[in-house]
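Letters A, B, ... are given to chains in the order of the sequence lines, protein chains preceding strands, and every chain is numbered from 1. Given the structure is predicted, the values throughout are model-derived calculations rather than measurements.
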There are 4 protein chains.
Amino acid sequence: MKPRDENKIDQIYQATLKQVKANGLAGITMQSVAREANIATGTLYIYFKNKEALILSLYHVCVKNSAGVYFKNYDPKAPFKVSFYLIWSNMVQHRISSFTESIFMEQCYHSPFIDEDTRKTLKKMFEPLMNLIKRGKEERLIKDIDTFWLIAFLIGTVNEIAKRTIYFNKKLTTEILNTNFQMCWDGIKA
Amino acid sequence: MKPRDENKIDQIYQATLKQVKANGLAGITMQSVAREANIATGTLYIYFKNKEALILSLYHVCVKNSAGVYFKNYDPKAPFKVSFYLIWSNMVQHRISSFTESIFMEQCYHSPFIDEDTRKTLKKMFEPLMNLIKRGKEERLIKDIDTFWLIAFLIGTVNEIAKRTIYFNKKLTTEILNTNFQMCWDGIKA
Amino acid sequence: MKPRDENKIDQIYQATLKQVKANGLAGITMQSVAREANIATGTLYIYFKNKEALILSLYHVCVKNSAGVYFKNYDPKAPFKVSFYLIWSNMVQHRISSFTESIFMEQCYHSPFIDEDTRKTLKKMFEPLMNLIKRGKEERLIKDIDTFWLIAFLIGTVNEIAKRTIYFNKKLTTEILNTNFQMCWDGIKA
Amino acid sequence: MKPRDENKIDQIYQATLKQVKANGLAGITMQSVAREANIATGTLYIYFKNKEALILSLYHVCVKNSAGVYFKNYDPKAPFKVSFYLIWSNMVQHRISSFTESIFMEQCYHSPFIDEDTRKTLKKMFEPLMNLIKRGKEERLIKDIDTFWLIAFLIGTVNEIAKRTIYFNKKLTTEILNTNFQMCWDGIKA
DNA sequence: GATGAATGAGCCTTCATTCAT
DNA sequence: TATGAATGAAGGCTCATTCAT
């Protein structure tokens, strides 16, 4: 299942995301995805075994993409706050620029498509962040709270900032980004 | 004549929520809801015009429920931090205890079932919170940041705490609740 | 199955006819008939065993009504042409004034509701007419053609006059009636 | 790729007509039509948007067919009575040979499937006949009666002859045809 | 008898999947 | 490989009929 026209797979992914954004996960059909991707219905089944495989596969790609972007330019040797700000703002910006993917992932989370196993791989992608947080605690820069909750705090703010930027059609200026970061930092700093 | 069993509506609501939790919004069918509610398929249509009406109606009930609980015991004359803590912990606890409803609302948000209008009514329910935040700023207790982002910060943390409590099967002790509140408060306090 | 409120049966009949006129035989439902008749659905089943029984019963009533009216004031001893004119115009006028019933009967004719037996009873109701025609032939007043076709000719013109009067919203003046009769008479007279 | 089997449309039409003849318009279901046409239910929806579209479409085809046959071999320059006989007997014969279509059209007429517009196009198809009738009046060959009623007379007889030929299983010999025509002609001739 | 809520079989329609070209 | 017509299982919904009140 690795046919030559790799580019066509991306067409299918994009078509799927577009459909999910427009109609929700419940609203996508193989025909509508095919139509959106400008291919025949049957062609979908050359690239993906079935609907579940398509969605699962896209889900994995989205998760991998996220993780990749989150840690872009991350230098484990840079000072803690610099690294933390970098990752935090990477996350915010990626969730905004790839908001369609975020919606898709969110919708998948409780769907029958995603099984428990798939759900857990998500966790592993955040290990670099966990390690950074641990280091912050060791350096006495941030509160001595269970890393689990520190990350919850961090992700929660990131998600909501992204959501609201999109839904309320806000422009996320550097000033606003920094203001939000300030709250987040004040929340975790020792 | 058999009188219309008003409490049957609640049976249907509960059945719907259970199905959504198990299979996602995309996975519910009128038959599965009916089966879960121990009624015939046709009976569903006595109480709700169609599937969309059922979901929309349940959505409204959930939203109304939430707002009601969020501001339970809220006394606008109490000191700011007391009120803020009350509402914040109400939100966390309600989102945990009614997690199924939360999932449902989240899934609805991007579905074709919920229209723009419905989406906006949601906003109004949070006005008491907005007023409290404004008061906090006037009393110089919290940062002078756009209320919009202060609320984003607040809700983001609340959501993620609830999510993780459920998904990772954590017990939310008073200690953990307070630790999380501390982060949130440090984030917004002046 | 002869309950006291005979009047209610007529309500049901009228409601049925009204529904058939509005939506065709395919369009009637027991609930719509009940609603139109201002009774509960269940009540229908007190007066009629089931839907088929209701329709069949109404069909018979309509047929009987027709036959009754067709031969109203008919005196077998009156001169042939007088009798013929009387019956012919009775038929035209009845089919117009009871047009809803005519539609109903026509729609029934090819429906699964009406069986072969029922269909044949219709034939018997026209025996007086057949006898009159035979007499006309004996008196050498009308053509010596198989009575079967003479009646076909007669009924065909009657039906079409009635149909067009209704569909094209014509007013059937005595003049027009007589003009049409003239054609019919010229057609059959010896 | 399997090309769209255009002749399948005719299979569907024939299956529909057969079902209507057997069970009436009220009795047809998409599954029964599909089964009769030896295709899957879903295939019906490739060729017709829905049940209404199928019926409407078939109705139009039937009407067009009729009009085509009615005026077959009609030469406007031929003597009046010749033309009149031609059309009259065309009508009789077509209504008999395509009796299933006739039943279908009749049943449609009062159904919710056929709207007012559709009903009116029917009228236009008879314009050549109307012109012939007018010519007959100008040539003083037929009675000076409103064309509307002359046509009513004509169609009424045609319909009833066809109906009875079928229902009573008669063989329409040339002799019988001519006998009937004689009545019709005597009815309208000046 | 009268009511209308409840039922569930069955209808119309959709859609994941297959298959002939 | 690509196509899209064909399939039929399954979903939303209706409606004849029953039944508790």
Between atom [atom1] in [X] and atom [atom2] in [N], what is the gap in whole Å?
{"X": "B/Arg35", "N": "F/dG11", "atom1": "CZ", "atom2": "P", "value": "9 Å"}
{"X": "B/Ile55", "N": "F/dG12", "atom1": "CD1", "atom2": "C1'", "value": "12 Å"}
{"X": "B/Tyr45", "N": "F/dT14", "atom1": "OH", "atom2": "P", "value": "7 Å"}
{"X": "B/Leu54", "N": "F/dG11", "atom1": "CG", "atom2": "P", "value": "16 Å"}
{"X": "C/Ile12", "N": "E/dT3", "atom1": "CD1", "atom2": "P", "value": "10 Å"}
{"X": "B/Asn50", "N": "F/dT14", "atom1": "CG", "atom2": "P", "value": "8 Å"}
{"X": "D/Ile46", "N": "E/dC19", "atom1": "CD1", "atom2": "C1'", "value": "13 Å"}
{"X": "D/Phe48", "N": "E/dC12", "atom1": "CZ", "atom2": "P", "value": "15 Å"}

Closest nucleotide among [options] to the [X] side chain:
{"X": "C/Lys51", "options": "E/dA6, F/dA16, E/dT3", "result": "F/dA16"}
{"X": "A/Thr41", "options": "E/dT13, F/dT3, F/dA5", "result": "F/dA5"}
{"X": "B/Met30", "options": "E/dA5, F/dC13, F/dT7", "result": "F/dC13"}
{"X": "B/Gln31", "options": "F/dC13, E/dT17, F/dA6", "result": "F/dC13"}

Here's a test of your reading of the structure: between C/Leu44 and B/Ala40, which maps to the more 5' nucleotide of DNA chain E?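 By nearest-heavy-atom nucleotide position, the 5'-most residue is C/Leu44.
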Can you measure from CG (D/Leu54) to OG1 (D/Thr16) and round to the nearest 0.5 angstrom?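 With rounding to 0.5 Å, CG (D/Leu54) is 4.0 Å from OG1 (D/Thr16).
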Pairwise distance CD1(A/Ile9) to CD1(A/Ile46) - rounded to 0.5 angstrom: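 Rounded to the nearest 0.5 Å, the CD1-CD1 separation comes to 11.5 Å.
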What about the rings of B/Tyr167 and B/Phe99, do their centers lie closer together than 6.0 Å?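 For B/Tyr167 and B/Phe99, the ring centres are under 6.0 Å apart.
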Along DNA chain F (nearest heavy atom to each residue), the more 5'-positioned of C/Ile28 and A/Ile39: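 Closest to the 5' end, via its nearest nucleotide, is A/Ile39.
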Between B/Ser32 and D/Tyr47, which has a closest nucleotide on DNA chain F that is more 5'?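 Nearer the 5' end of the strand: D/Tyr47.
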Does B/Lys8 place a side-chain N or O at less than 4.0 Å from the phosphate oxygens OP1/OP2 of E/dA6?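 True: B/Lys8 side-chain N/O within range (under 4.0 Å) of E/dA6 OP1/OP2.
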Nucleotide paired to F/dT17 in any strand shown, Watson-Crick or G-U, under 3.5 Å: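 WC or wobble partner is E/dA6.
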What's the shortest heavy-atom distance between D/Thr43 and D/Lys8, and which atoms?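 For D/Thr43 and D/Lys8, the tightest heavy-atom pair comes out as CG2-CD, 4.3 Å.
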Please work out which of the three classes, parallel, tilted or perpendicular, describes the rings of C/Tyr13 and C/Phe48, given edges at 30° and 60°.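 Tilted: the ring planes of C/Phe48 and C/Tyr13 meet at 30° to 60°.
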Does D/Thr43 reach a base, just sugar-phosphate, or nothing at all? Heavy atoms under 4.0 Å.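 It contacts base atoms.
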